[in-house]
Amino acid sequence: MAQIQNQGFDSSMPQEKWMGDVVLYQFHGFWFSPLLLQGTQELLNQFKPLSGDVILASFPKTGTTWLKSLLYSIINRSSIDQLAGNHPHELVPQLELQVYGPRAVSAPPHFPSPCSTSPSNRIFGTHLPYQIFGKTAISSDCRIVYVARNPKDTLVSYWHMVNTMEMAKRDPWPLEEAVDKFCEGFFPFGPYYEHVLGYRKESIERPKKFFFVTYEELKSDTKTQVKKLAEFLGCPFDNEGQLEEVVRSCSIETLRNHEVNKSSDLSKFIPMPLNSFFRKGQVGDHKNYLNKDMIERIDGITSDKFHGLIFKHEADCVKK
């Protein structure tokens, strides 16, 4: 608790044990670790988006790494080969972790050179919910891209990732516990459902500023969604060849085979192995891990929270 006080946060804020010895703190209705909480507070106090900025918002493990690669390649087509030597999280830094917060002091993010990224088209990522980030997001004409994913696949992917971390090596995180925490909303940046709903509402009301896409849509028809993304960002493709090159260079299979993304070294910015960001990337992989009761429990919450308000093919999100 002293750590929170030293970082300038109210030590009376609600807290909840998440996994192992990690405690999460509630901030404006959402849950954060102390490290992320500090970076979030600094971001809210200091970050001033520019009109040309592009910000990828997402709940963790919903396709963030893939979307960072796609956004970078759409905007910086002449520097698309940078993907081969730089991890996507280095090319598109996370605001609350890499740009602000304790890790930014010793290892500030960089934009590889040569690169066409400039103050007029900076690209950032954030896991902050709209309910917290909204006032900052709408303070300029920057564009926001949000990616959502089937909650069951999101949960399983997150569970796998956590178990690659140092803190889980001696005491792995049980899947049953992960399901309980997810359903109860006690997840970093959670609750998941409120996170998705916040951005979905804005994308309906402000379609010129917010682009909402699902991981499932991207997987089923990547070319169509990438073309729409480019048009939304104001840099449409001149021809089919350009579109196909971006899709090919940013395919999960291509990205996974780059040496930097196969490395077991810890990321300079995010305390996880670099290869932990590339697993299967499959739609419906949760079926290999969740039992019938777990699936029915999550499906029930999904139907209750999202009925008619989210995904174009919502029934598919629940059933897959």
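Index from 1, following the sequence.
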What I'd like to find out is whether the side chain of [X] reaches to under 4.5 Å of the side chain of [Y], using heavy atoms alone.
X: Lys152; Y: Asp299; value: yes
X: Leu97; Y: Leu35; value: yes
X: Ile123; Y: Asn76; value: yes
X: Phe32; Y: Ile132; value: yes
X: Asn150; Y: Thr302; value: no
X: Phe189; Y: Leu36; value: yes
X: Ser33; Y: Pro188; value: no
X: Ile74; Y: Phe237; value: yes

Taking only residues two or more places apart in sequence or in another chain, which ones pass side chain to side chain donor-acceptor pair (under 3.5 Å) with [X]?
X: Asn291; value: none
X: Tyr199; value: none
X: Glu253; value: none
X: Gln131; value: none

In chain order, what residues pass the ring pair (Phe, Tyr, Trp, His ring centres under 6.0 Å) check against Tyr193, with sequence neighbours excluded?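 Result, ring pair (Phe, Tyr, Trp, His ring centres under 6.0 Å) vs Tyr193: Phe306.
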Does Phe133 have any ring pair (Phe, Tyr, Trp, His ring centres under 6.0 Å) partners at least two apart in sequence or in another chain, and if so, which?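 Ring pair (Phe, Tyr, Trp, His ring centres under 6.0 Å) check on Phe133 returns nothing, list empty.
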Output yes when a side-chain donor or acceptor of [X] lies under 3.5 Å from a complementary backbone atom of [Y], and no otherwise.
X: Thr64; Y: Pro60; result: no
X: Lys209; Y: Cys142; result: yes
X: Asp53; Y: Leu50; result: yes
X: Thr164; Y: Met161; result: yes
X: Glu194; Y: Phe30; result: no
X: Arg206; Y: Ser203; result: no
X: Ser73; Y: Leu70; result: no
X: Trp18; Y: Phe187; result: no
X: Arg149; Y: Lys61; result: yes
X: Glu96; Y: His127; result: yes

So Tyr215 and Val283, side-chain contact (heavy atoms from CB on, under 4.5 Å) or not? Walk me through it. CA-CA 8 Å; Tyr215 184 82; Val283 173; 4.2 Å; yes
I would like to know whether Leu175 and Leu290 meet side-chain contact (heavy atoms from CB on, under 4.5 Å); could you show each step before the answer? CA-CA 8 Å; Leu175 181 57; Leu290 302 179; 4.2 Å; yes
Nearest 0.5 angstrom please: [X] [atom1] to [Y] [atom2], how far?
X: Thr40; Y: Phe47; atom1: OG1; atom2: CZ; answer: 13.0 Å
X: Lys68; Y: Ser58; atom1: NZ; atom2: OG; answer: 7.5 Å
X: Tyr158; Y: Thr62; atom1: OH; atom2: OG1; answer: 11.0 Å
X: Asp238; Y: Arg77; atom1: CG; atom2: CZ; answer: 6.5 Å
X: Met13; Y: Tyr25; atom1: CE; atom2: OH; answer: 8.5 Å
X: Leu155; Y: Ile298; atom1: CG; atom2: CD1; answer: 5.0 Å

Applying the side-chain contact (heavy atoms from CB on, under 4.5 Å) criterion to Tyr130, which one of Ile138, Leu197, Ile144 satisfies it? Ile138
Quick one, Trp159 with Phe182, criterion ring-ring contact (aromatic ring centres under 6.0 Å, His included). Give me CA distance, side-chain angles, the key distance, then yes/no. CA-CA 10 Å; Trp159 171 70; Phe182 184 85; over 10 Å; no
Please indicate whether Lys227 has more than 12 foreign heavy atoms, meaning atoms of other residues, nucleotides or ligands, lying under 6.0 Å from its NZ.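 For Lys227, atom NZ is not crowded (no more than 12 foreign heavy atoms under 6.0 Å).
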Check the surroundings of atom CG in Asp21: do more than 12 heavy atoms from other residues, nucleotides or ligands lie under 6.0 Å from it? no
Residue pair [X] / [Y]: nearest heavy atoms and the distance that separates them:
X: Phe232; Y: Lys208; answer: CE1-O, 3.4 Å
X: Ala148; Y: Phe212; answer: CB-CZ, 3.7 Å
X: Val213; Y: Glu217; answer: CG2-OE1, 3.5 Å
X: Pro236; Y: Glu231; answer: CB-CG, 4.1 Å
X: Tyr100; Y: Gly39; answer: CB-O, 3.6 Å
X: Cys250; Y: Trp66; answer: O-NE1, 2.8 Å

Just grab all the side chain to side chain donor-acceptor pair (under 3.5 Å) pairs involving residues 170-187, residues at least two apart or on different chains. Glu16-Lys181, Trp173-Glu177, Asp180-Arg297
Quick one: which residue pairs count as a side chain to side chain donor-acceptor pair (under 3.5 Å) with a foot in residues 137-146, not counting sequence neighbours?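 Sorted pair list: Tyr146-His195.
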Listed by chain and number, what are the salt bridge (Lys or Arg N to Asp or Glu O under 4.0 Å) partners of [X], not counting sequence neighbours?
X: Glu244; value: Lys223
X: Lys48; value: none
X: Glu245; value: Arg248

For residues Phe186 and Trp31, establish whether the separation of their ring centroids is below 6.0 Å. yes
Suppose we screen for side-chain contact (heavy atoms from CB on, under 4.5 Å). Which residues come up paired with Thr224, at least two apart in sequence or across chains?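 Partners of Thr224 by the side-chain contact (heavy atoms from CB on, under 4.5 Å) criterion, ordered by chain and then number, come out as Asp221, Lys228.
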Which is it for Phe27 and Leu44 under the side-chain contact (heavy atoms from CB on, under 4.5 Å) test, yes or no, and what are the steps along the way? CA-CA 12 Å; Phe27 181 62; Leu44 295 175; 3.9 Å; yes
Determine, step by step, whether Leu71 and Val92 satisfy the side-chain contact (heavy atoms from CB on, under 4.5 Å) criterion, reporting the C-alpha distance in whole Å, the side-chain angles of both residues, the deciding distance to 0.1 Å, and the verdict. CA-CA 9 Å; Leu71 290 176; Val92 181; 5.6 Å; no
